[in-house]
Amino acid sequence: MEQDHQLAEKDFAAVINNLPEGTFYRFPLCSVHGVPLMKPIADRWKDMENVQARPDDILIVTYPKAGTTWMQEIVDSIMNDGEVEKTKRAPTYIRSPFLEKFAPPPLPSGLDVLNNTPSPRKIKTHLPFELVPKSFWEQKCKAVYFARNVKDTAVSYYFFDQMNKTQPDPGTWDQYVEKFLKGEVAWGSWFNHVIGWWNAKEKHDILYVFYEDMKEDPKREIRKVMEFLGKNLSEEVLDKVCHHTSFKAMKENPMTNYSTIPAIILDQARSPFMRKGEVGDWINHFTESQNKMFDEEYEKRMKGRDLKFRTTI
Ligand code: A3P
């Protein structure tokens, strides 16, 4: 199977480079049940509704830029019992397929990769709770939700939308901030996303983890994920997982830093995928009035809820 993974990854880069010019472009957003998604995802939405989950599937769920890749690496390391060398078998997107990922043939879509992935599958999705295929809940699958404060998420998404040539053009930072707060970006409103999944954990097997907590004390948070996944790793192995999933290690690791994706899709000269990996970088980008706008919206949407985010640690 490992060999299959490697072949798939090699083919992937080669095929992308040979696709006709114009295959990839900044896709417009289309509404799916009120949530803006990139057109190719919306066009294939029927396939998504018919996805068949397996009982041992693990969903790794985030709003974009919350640290998905970080959590994918943590989960894969834990599921490999801390034998982190095994995570080097293939890039993140092969080891942990992206449920709603679209791809023009002959590239495999997320669903194609999923169908050929051995159990237990570690499935990435950015879907808001209400759009996740029902089969995952019928099969009582586990989900790890990784959440990041809205200000750092907005900054990270802005840089990502510049370098990801398939996302809508972010425009200037000022324009982007307005769009982001209104939820007019791919996968919709940050507020709806984090609240929807927070409420869902009352009824489903969901572990809700915060990026800021993970930065503050990785070992403590990785241990929570480990326990949730029913694993029992020694302190020494946990230390190894912490080291392997640190920002520095992941930035240098070609299997996690997305350097295997050609620049016609991810232009890392514009902004690296592993950009800063910090809590509080928003301070370097927000104007005073933008900060006020975010604080007011946060107050309005979070009032009376027991869901709390930290924007500094
Ligand atoms: P920044 O742009 O703020 O640096 P996603 O995987 O959901 O696309 O999220 C990407 C964000 O997570 C980027 O944030 C990236 O640097 C950060 N990230 C990735 N791996 C990380 C790690 N090991 N530690 C801290 N942050 C990490």
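In this text, all values refer to a predicted model and were calculated from it rather than measured experimentally.
For the pair T245 (side chain) and V241 (backbone), a donor-acceptor distance under 3.5 Å is present. Counting only distance, with no hydrogens or angles, the side chain of Q290 and the backbone of T287 share a donor-acceptor pair below 3.5 Å. Remark: the backbone N or O of M250 is paired with a side-chain donor or acceptor of T256 at under 3.5 angstrom. Under the 3.5 Å distance criterion, the side-chain polar atoms of H193 are matched with a main-chain donor or acceptor of H126. Panel note: side chain D57, backbone R54; a donor-acceptor pair is recorded below 3.5 Å. At least one donor-acceptor pair under 3.5 Å links the side chain of S96 to the backbone N or O of K122. A donor-acceptor pair under 3.5 Å is formed between the side chain of Y63 and the backbone N or O of G188. Looking only at distances, no side-chain donor or acceptor of S135 sits under 3.5 Å from a matching main-chain atom of Q52. Judged by distance alone, the side chain of S189 and the main-chain N or O of F191 form a donor-acceptor pair under 3.5 Å. A donor-acceptor pair under 3.5 Å is formed between the side chain of S109 and the backbone N or O of L111.
Look at E235 and K219 and you find a salt bridge, because one of the NZ, NE, NH1 or NH2 atoms lies within 4.0 Å of a carboxylate O, short of that distance. A salt bridge is defined here as a Lys NZ or Arg NE, NH1 or NH2 lying under 4.0 Å from an Asp or Glu carboxylate O, and E236 with K240 fails to meet this definition. For K224 and E227, the salt-bridge test fails: no basic side-chain N is under 4.0 Å from an acidic carboxylate O. With respect to the salt-bridge test (charged N to carboxylate O, under 4.0 angstrom), the residues D81 and K231 qualify. E85 and K88 are not joined by a salt bridge, as no carboxylate oxygen comes within less than 4.0 angstrom of a charged side-chain nitrogen.
Counting only heavy atoms from C-beta outward, the side chains of M163 and Q268 approach each other to under 4.5 Å.
For the pair K142 and F228, the cation-pi test (distance below 6.0 Å, angle within 45°) is passed. Annotation: cation-pi geometry not satisfied between K65 and Y157 (NZ/CZ under 6.0 angstrom from ring centroid, within 45° of ring axis). At least one test fails for K201 against the ring of W197: distance under 6.0 Å to the centre or angle within 45° of the axis. Seen from the ring of F27, K39 does not count as a face-on cation partner, given the 6.0 Å and 45° thresholds.
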Could you walk me through whether V132 and L59 satisfy the side-chain contact (heavy atoms from CB on, under 4.5 Å) test, starting with their C-alpha distance in whole Å, then the side-chain angles of each, then the deciding distance to 0.1 Å, before giving a yes or no? CA-CA 10 Å; V132 169; L59 285 174; 4.2 Å; yes

Please determine whether side-chain contact (heavy atoms from CB on, under 4.5 Å) holds for the pair I16 and I265, giving the CA-CA distance in whole Å, both sets of side-chain angles, and the decisive distance to 0.1 Å. CA-CA 9 Å; I16 290 176; I265 300 183; 3.7 Å; yes

Please lay out, stage by stage, how F294 and W190 fare under the test ring pair (Phe, Tyr, Trp, His ring centres under 6.0 Å). CA-CA 12 Å; F294 268 62; W190 176 91; 8.9 Å; no

Please step through ring pair (Phe, Tyr, Trp, His ring centres under 6.0 Å) for the pair F129 and H204, ending with a clear verdict. CA-CA 11 Å; F129 175 74; H204 301 283; 5.5 Å; yes

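Using cut-offs of 30° and 60° on the angle between ring planes, the pair W45 and H33 is perpendicular.
The structure places CG of L307 at 5.5 Å from CH2 of W198, a figure rounded to the nearest 0.5 Å.
Applying the 6.0 Å contact sphere to NZ of K46 captures no more than 12 heavy atoms from other residues, nucleotides or ligands. Heavy atoms from other residues, nucleotides or ligands lying under 6.0 Å from NZ of K134 number more than 12. Counting non-hydrogen atoms of other residues, nucleotides and ligands closer than 6.0 Å to CD of E49 gives a total above 12.
With Y176 as the partner, the ring-ring contact (aromatic ring centres under 6.0 Å, His included) test is satisfied by one option alone out of F160, Y158, F159: Y158.
Checked by atom type, the side-chain pair T153/R148 shows no donor-acceptor distance below 3.5 Å. Checking N192 against R301 by side-chain atom types alone, a donor-acceptor pair falls below 3.5 Å. With no hydrogens or angles considered, a side-chain donor-acceptor pair links D76 and N80 at under 3.5 Å. Between the side chains of N149 and E212, a donor-acceptor pair is found at a separation under 3.5 Å. Remark: the Y258 side chain and the T92 side chain contain no N/O donor-acceptor pair separated by less than 3.5 Å. Residues W282 and N291 bring no donor and acceptor atom of their side chains to less than 3.5 Å of each other. For the residue pair W187 / E100, a side-chain donor-acceptor distance below 3.5 Å is found, with atom types taken as modelled.
Applying the salt bridge (charged side-chain N to carboxylate O under 4.0 Å, His left out) criterion to E296, with sequence neighbours excluded, gives K292. Listed by chain and residue number, D174, Q175 satisfy the side chain to side chain contact (heavy atoms under 4.5 Å, CB included) test with T172 (two or more places apart in sequence, or in another chain).
For the pair L127 and V61, the tightest heavy-atom approach, listed with the atom from each and the gap, is O-CG1, 4.0 Å. Across every non-hydrogen atom of M38 and T166, the tightest pair is SD-O, 3.2 Å.
Residues V113 and I41 fall into different hydrophobic clusters, defined by Ile, Leu, Val, Met, Phe, Trp and Tyr side chains chained together at heavy-atom separations under 4.5 Å.
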Which donor-acceptor pairs under 3.5 Å do side chains of residues 269-280 form with protein atoms, sequence neighbours excluded?
from	atom 1	to	atom 2	distance (Å)
R275	NH1	D281	OD2	3.1
R275	NH2	D281	OD2	3.0
K276	NZ	D281	OD1	2.8

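Between W173 and F286, the ring center distance clears the sub-6.0 Å criterion.
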